[in-house]
Protein chains: 2
Amino acid sequence: MGHNYSSKREAIFKTIASTKSHPSAAWVYEQLKEEIPNLSLGTVYRNIALFKEQGRIITVANVDGEERIDADTSDHAHFVCEKCHRVFDLHSSEQSPLEKELSRNGFIINRKNVVFHGECRDCCESIN
Amino acid sequence: MGHNYSSKREAIFKTIASTKSHPSAAWVYEQLKEEIPNLSLGTVYRNIALFKEQGRIITVANVDGEERIDADTSDHAHFVCEKCHRVFDLHSSEQSPLEKELSRNGFIINRKNVVFHGECRDCCESIN
DNA sequence: TTGAAAATCAGTAATCATTACTGTTTTCTG
DNA sequence: CAGAAAACAGTAATGATTACTGATTTTCAA
C-alpha cells in the first residue's frame, strides 16, 4: 500500500533527518515553507505519522504541548531544558535492569523513553 | 498567595492520591461528578496545575493526547500498555550514570521521566 | 458570630495542536 | 501518454486544555 514516494515527503524527511533540534511539526513546516511555498501543515503531520509507523522517526517528548520528534532512532535518552526548550541527546551504554525485569514478567517492550527535565548549562550560566 | 483550601480542592487531591491508575484530568472529573454534581472540569484542571506547582503530583506520560498524573512523587519509572492504556509503576533501586554525567556538565535536573511502552502481560496473554 | 475582602468556583467561550474531509494534483504502471 | 492510486492543499472539525466573568466559598479580623 502506498507508492511511498513524493517530493514533499522526501523534503519533509530530509528536514527532520538533517537537524539535531528534535523539531516539532510546526518547526518542520516553517523550515520548508520558503522552499515549498504551497506546502500544507497537514501534509507535514500526515508524513510524520507515516514515518513513525515505518519506524523511521521516534517521538522524543512533549514540550509545552508540542510533540517533538527525532530521526535518530538509536537507543538514547534526552534532556529537555525548561528555560530555552531545547532538547539534548544523551547517549549511554548502560542497560537498564528494569527492562530485564519487565521481560521476565511477560511484558513486551516496544520502546523506551527516558527524558530528564531541568536547566541546561547555558541557561544555568546566564543571569536571567 | 492563596488560602490553599477548598472542599473541592481537597476532594480532587484525595481522588488523585487514592488511585494507582495514573489518571487523566477527565478521569478525576468523572470520578467526582457523582459525589460533587456541580463540579466543573475547569476546576479539576486548575487544581491539577496547582498541585504540580506545589510538587504534590507529577506528570507521568502523555497517553493518546491525554496527560496522565501521579500523586506518588517518588523516583520511579512507568510502563504504558499500548493496548489497554493502563500505566504500571516500576520501582527500581538503580541510579543512572546519565544523571551523574549531566550534573558534572553543569546541567540541573529537576525531574526525570522514564517510560517504557509496549504490551502488558495481560494483553500479551489475551488472544486478541 | 459577622461581614466584607480574597480566593475559588461553575459555566462557557476561546485557544491551539492535531486530525479529518473534499476536490485537485502527483505519481506510478502498463 | 492514460487511467488508477496515492498524495496533496486548503479548510473545517476535533478534543484537550486554558481563559474569562460573574457567582459562591473561605478567611479572618472586628
Side-chain angles (χ1 to χ4, degrees), chain A residues 1-16 21-54 56-70 80 82 85 87 115, chain B residues 1-16 21-54 56-70 80 82 85 87 115:
Chain A
M1 75 182 63
H3 297 156
N4 207 24
Y5 172 82
S6 84
S7 58
K8 288 172 185 175
R9 176 166 300 155
E10 193 177 2
I12 290 166
F13 187 77
K14 272 188 184 165
T15 300
I16 297 169
S21 70
H22 309 82
S24 64
W27 186 92
V28 174
Y29 175 66
E30 288 301 319
Q31 296 301 306
L32 285 170
K33 219 167 43 176
E34 286 176 46
E35 184 185 330
I36 309 173
N38 74 333
L39 181 67
S40 175
L41 181 56
T43 297
V44 175
Y45 274 107
R46 188 164 5 88
N47 279 286
I48 285 176
L50 178 66
F51 299 150
K52 281 200 275 189
E53 268 178 42
Q54 296 174 331
R56 300 173 72 194
I57 65 173
I58 55 173
T59 298
V60 158
N62 194 294
V63 180
D64 292 314
E66 275 189 320
E67 191 165 291
R68 304 280 286 260
I69 57 176
D70 194 346
V80 177
E82 289 168 344
H85 300 175
V87 180
V115 184
Chain B
M1 73 182 62
H3 296 158
N4 205 24
Y5 172 82
S6 84
S7 57
K8 288 172 184 174
R9 175 167 301 155
E10 192 177 3
I12 290 166
F13 188 77
K14 272 188 185 167
T15 299
I16 298 168
S21 70
H22 309 83
S24 64
W27 186 91
V28 174
Y29 175 66
E30 288 302 320
Q31 295 301 306
L32 285 170
K33 218 166 47 175
E34 286 176 45
E35 185 186 329
I36 309 173
N38 74 332
L39 181 67
S40 175
L41 181 56
T43 297
V44 175
Y45 274 107
R46 186 165 6 87
N47 280 287
I48 285 176
L50 177 67
F51 298 150
K52 281 201 275 190
E53 269 177 42
Q54 296 173 333
R56 301 172 72 193
I57 67 173
I58 56 173
T59 297
V60 159
N62 195 295
V63 180
D64 293 314
E66 274 189 320
E67 190 165 291
R68 304 279 287 259
I69 56 176
D70 195 347
V80 177
E82 289 168 344
H85 299 173
V87 180
V115 184

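To find a chain, count down the sequence lines: A is the first, B the second, and so on, and within it residues start at 1.
In this structure, A:Leu32 CG and A:Lys14 NZ are separated by 11.0 Å, a value rounded to the nearest 0.5 Å. Remark: B:Ile12 CD1 to B:Ser6 OG distance equals 7.0 Å, nearest 0.5 Å. Taking CD1 from A:Ile57 and NE2 from A:His22, the interatomic distance works out to 12.0 Å, rounded to the nearest 0.5 Å. B:Leu41 CG to B:Lys33 NZ: the interatomic distance, rounded to the nearest 0.5 Å, is 9.5 Å.
D:dT25 atom P lies 19 Å from atom CG of B:Asn4, rounded to whole Å. Whole-Å rounding puts the B:Asp64 CG to D:dG15 C1' distance at 13 Å. Atom P of nucleotide D:dT18 and atom CG of B:Leu50 are separated by 13 Å, given to the nearest angstrom. For the pair A:Glu66 CD and D:dT18 P, the interatomic distance rounds to 14 Å; values are reported in whole Å. A straight line from CD1 of A:Ile69 to C1' of C:dA17 spans 14 Å, rounded to a whole angstrom. Atom OH of A:Tyr29 is separated from atom C1' of C:dT18 by 14 Å (rounded to the nearest Å). Across the protein-nucleic acid pair, A:Phe13 atom CZ and D:dA7 atom P stand 16 Å apart, rounded to whole Å. The NZ atom of A:Lys33 sits 17 Å away from the C1' atom of D:dC8 (whole-angstrom rounding).
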Give every pair of a protein N or O atom and an N or O atom of nucleotides 9-13 of chain C that lie under 3.5 Å apart, one pair per line with the distance.
unit_1, atom_1, unit_2, atom_2, d
C:dC9, OP1, B:Ser6, OG, 2.5
C:dC9, OP2, B:Arg46, NH1, 2.6
C:dC9, OP2, B:Asn47, ND2, 3.3
C:dC9, O3', B:Lys8, NZ, 2.8
C:dA10, OP1, B:Lys8, NZ, 2.5
C:dA10, OP1, B:Asn38, O, 2.8
C:dA10, OP1, B:Ser40, N, 3.4
C:dA10, OP2, B:Ser40, N, 3.1
C:dA10, OP2, B:Thr43, OG1, 2.1
C:dA10, O5', B:Asn38, O, 3.3
C:dG11, N7, B:Ser40, OG, 3.2

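Across its full length, the helix from C:dT1-D:dA30 to C:dG30-D:dC1 shows an angle of 30° between the axes of its 5 terminal pairs at either end, rounded to 10 degrees.
Contact detail for B:Arg68 and B:Ser21: the closest heavy-atom pair is NH2-O, 3.4 Å. The heavy-atom pair separating B:Ala11 from B:Ile36 by the smallest distance is CB-CD1, 3.8 Å. Residues A:Val115 and A:Val60 share a closest heavy-atom pair of CG2-O, 3.6 Å.
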Distance-only donor-acceptor pairs under 3.5 Å for side chains of residues 42-54 of chain A, two or more places apart:
unit_1, atom_1, unit_2, atom_2, d
A:Thr43, OG1, A:Arg46, NH2, 3.2
A:Asn47, OD1, A:Arg9, NE, 2.5
A:Asn47, OD1, A:Arg9, NH2, 3.4
A:Asn47, ND2, A:Thr43, O, 2.9
A:Lys52, NZ, A:Thr59, OG1, 3.4
A:Lys52, NZ, A:Glu67, OE2, 2.4
A:Gln54, NE2, A:Asn4, OD1, 3.2

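Checking C:dT27, D:dT17, D:dT26 against the side-chain heavy atoms of A:Tyr5 singles out C:dT27 as nearest.
Residues B:Leu39 and B:Gln31 are not in side-chain contact: their nearest non-hydrogen atoms beyond the backbone lie 4.5 Å or more apart.
Regarding contacts with the backbone of C:dT18, a side-chain N or O of A:Tyr45 is found under 4.0 angstrom from either OP1 or OP2.
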